[in-house]
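Labels below follow one simple rule: chain letters A, B, ... track the order of the sequence lines, proteins then strands, and each chain is numbered from 1.
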Number of protein chains: 2
Amino acid sequence: MSQRNRILDIAEHRMRERGYNAVSFRDIAGEIGIKSASLHYHFPKKADLGVELVNRYANTFHAALDASDSLTTDPWDRIKTFVDLHRNALVEQELLCLCAVFGAESRGLPEDINSAVTDFFKRNISWLTKAYEAAGVENANVRAKAGVSILEGALIVANSVRDNEVIEAASDFVLQR
Amino acid sequence: MSQRNRILDIAEHRMRERGYNAVSFRDIAGEIGIKSASLHYHFPKKADLGVELVNRYANTFHAALDASDSLTTDPWDRIKTFVDLHRNALVEQELLCLCAVFGAESRGLPEDINSAVTDFFKRNISWLTKAYEAAGVENANVRAKAGVSILEGALIVANSVRDNEVIEAASDFVLQR
DNA sequence: GTCTATAATTTGATAGAC
DNA sequence: GTCTATCAAATTATAGAC
C-alpha cells in the first residue's frame, strides 16, 4: 500500500473516533513511524488531508453501492446494502460515519471539508430516493431523507449507549416495506 | 445572569457549532470580555466545563419534558414536545444537539463528559419508550430507540444539506401513529 | 520521501496581586 | 472575580539537508 493511503487510513480511523481537531499530524505520523514534517509532503495542509479523507470515504462508499447495484436488480436488496454499509461501520469496526462526525463539527472545519460532507449526504439521499422509487414506495424522497438521518443518528446513539439494538431499530425502519 | 451562566451559554453555543476541541477558553473569555485565566476560577479544568455543560443541557431538556407532561395527558402531545425540542434547535437556533456533537467526538473527550452524554441518550430513550407505551404503540422501546436516533441524525444531515425537509421527515416518523 | 531544525501560534493551566 | 504574567506543551507549517 502507498504511504499516502497508509496516512489516509490512520487519519480516517482516528478522526472517526475523535473528530477532526482532536487528531494531530504528530498522532498520525507517530503511528506510521515517521515524523510529522513528512506528512506535509503528502498533504501540505491539514485541510488538504481532511478534504481528501472525505472524498476517498465517499468514493469508497458509493463504489460499494454501485457494486451492489450490478449484483441485483431487487431494490430492497440494494437498500439492504445501503443499510449494511452503515451498520457494519459500528458493528464490525466500532466506528462512526466520517461524515456524521465532520457534520457534527461543521463550523469548526475548513469550508472545503464541509462542501465534501454535504455532497456525501446529498448523494446518499439521492441514491436512496431512487431505490425507494424503484421499490414503489410512496414519498420516496421524504423517506430517503428520513433513512439517511436515522442511520447516521443511530451510529452515534448506539455507540454512546453501547446498544446495537439501536442500530437494528434504525435498520428495520429503513428496510420496512 | 450570573457570570457562570454567561460562560456556559457561550461555551454551549460555540461547541454546538464547532465541537469541543475547536473551542478554547480564550474564545469564550474573549466573547464575554474577560481574560481566559478568569475562566479557571469558574471551571478549574476544561473537562469541568464540559461536564457541567452536558448536565445543564440535559437538565434543561428534561425539565421542558416534565413541564409538558404537566400540561397534557395525551401521549402524542407529549411526543410532539419531544420532537419540537429537537426541531427548534436547528430551525430556530441553527444549532445541533450538544450531545450529538459530543457523541460524535466521544473518544476525543474526557470520560466524564462521555458518561453524561450517555445518560442523556438513555434518559431520552427511556422517556420516549414510556410515552409510546402510554400511546399504545407496539414495540415501544424499539420505536423509541429509532425515534431518538432519527432526530439526532436529522439535525446533522439537515444542517449539512441545508434542507429543513429533512427535519420534517424525521419529525413525521416519530409522530406517526 | 523522510529527516532535522525551527518558527509562529495556540492552548490549558497556575501563581499571585488587586 | 478578574487581572497580569508566565509556563510548558502541543500544533500547524516551512526550509533545507540527505
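The cationic group of A:R14 does not satisfy the cation-pi geometry with A:Y20, failing either the under 6.0 Å distance to the six-membered ring centre or the 45° limit from the ring axis. Taking the ring centre of A:F25 as origin, the terminal cationic atom of A:K35 falls outside the region bounded by 6.0 Å and 45° from the ring axis.
Nucleotides of DNA chain D nearest to A:A22 and A:P44 differ in position, and the one nearer the 5' end is that of A:A22.
Using modelled atom types and a 3.5 Å distance limit, the side chains of A:S106 and A:N114 yield no donor-acceptor pair.
One interatomic measurement links the two molecules: CE of B:M15 to P of C:dT11, which rounds to 12 Å at whole-angstrom precision. When the P atom of D:dT2 is taken as reference, atom CG of B:L39 falls 9 Å away, rounded to whole Å. B:Y20 places its OH atom 12 Å from the C1' atom of C:dT11, with the value rounded to the nearest Å. In this structure, CD1 of A:I28 is placed 12 Å from P of D:dA13, rounded to the nearest angstrom. Rounded to an integer number of Å, the gap from B:N21 CG to C:dG12 P is 8 Å. Look at CG on A:D27: it is 17 Å from P on D:dA9, rounded to the nearest Å. In this structure, CG of A:D48 is placed 13 Å from P of D:dT12, rounded to the nearest angstrom.
Listed pair B:S38 / D:dC3 meets the phosphate criterion, a side-chain N or O lying under 4.0 Å from OP1 or OP2. Taking 4.0 angstrom as the limit, A:Y41 places a side-chain polar atom (N or O) nearer than this to OP1 or OP2 of C:dG1. Between A:S24 and D:dA10, a side-chain N or O to OP1/OP2 separation shorter than 4.0 Å is absent. Checking the phosphate oxygens (OP1, OP2) of D:dA5, no side-chain nitrogen or oxygen of B:K35 falls inside 4.0 Å.
With C:dG1, D:dT12, C:dG12 as the choices, the nucleotide that has an atom nearest any side-chain atom of A:K46 turns out to be D:dT12. Taking the side chain of B:F25 as heavy atoms from C-beta on, and the options C:dT14, D:dG1, C:dG12, the nearest nucleotide is C:dG12. Of all nucleotides listed (D:dT4, D:dT6, C:dG1), D:dT6 comes nearest to the side chain of B:R26. Listed candidates were D:dC3, C:dT2, D:dT14. Nearest to the side chain of A:A37 is D:dT14. Comparing C:dT11, C:dC3, D:dG1 by their nearest atom to the side chain of A:I34 picks out C:dC3. The listed nucleotides are D:dA13, C:dT4, D:dT2; the one nearest the side chain of A:H40 is D:dA13.
Note: A:Y57 and A:H62 fail the aromatic proximity criterion, with ring centroids not under 6.0 Å apart.
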Please tabulate, for the side chains in residues 76-83 of chain B, all donor-acceptor contacts under 3.5 angstrom to protein atoms that are two or more places apart in sequence or on a different chain.
from, atom 1, to, atom 2, distance (Å)
B:D77, OD2, B:T72, OG1, 3.4
B:R78, NE, B:D69, OD1, 3.3
B:R78, NE, B:T72, O, 2.9
B:R78, NH2, B:D69, O, 2.7
B:R78, NH2, B:T72, O, 2.8
B:K80, NZ, B:D84, OD1, 3.4
B:K80, NZ, B:D84, OD2, 2.8
B:T81, OG1, B:S68, OG, 2.9
B:T81, OG1, B:D77, O, 3.3

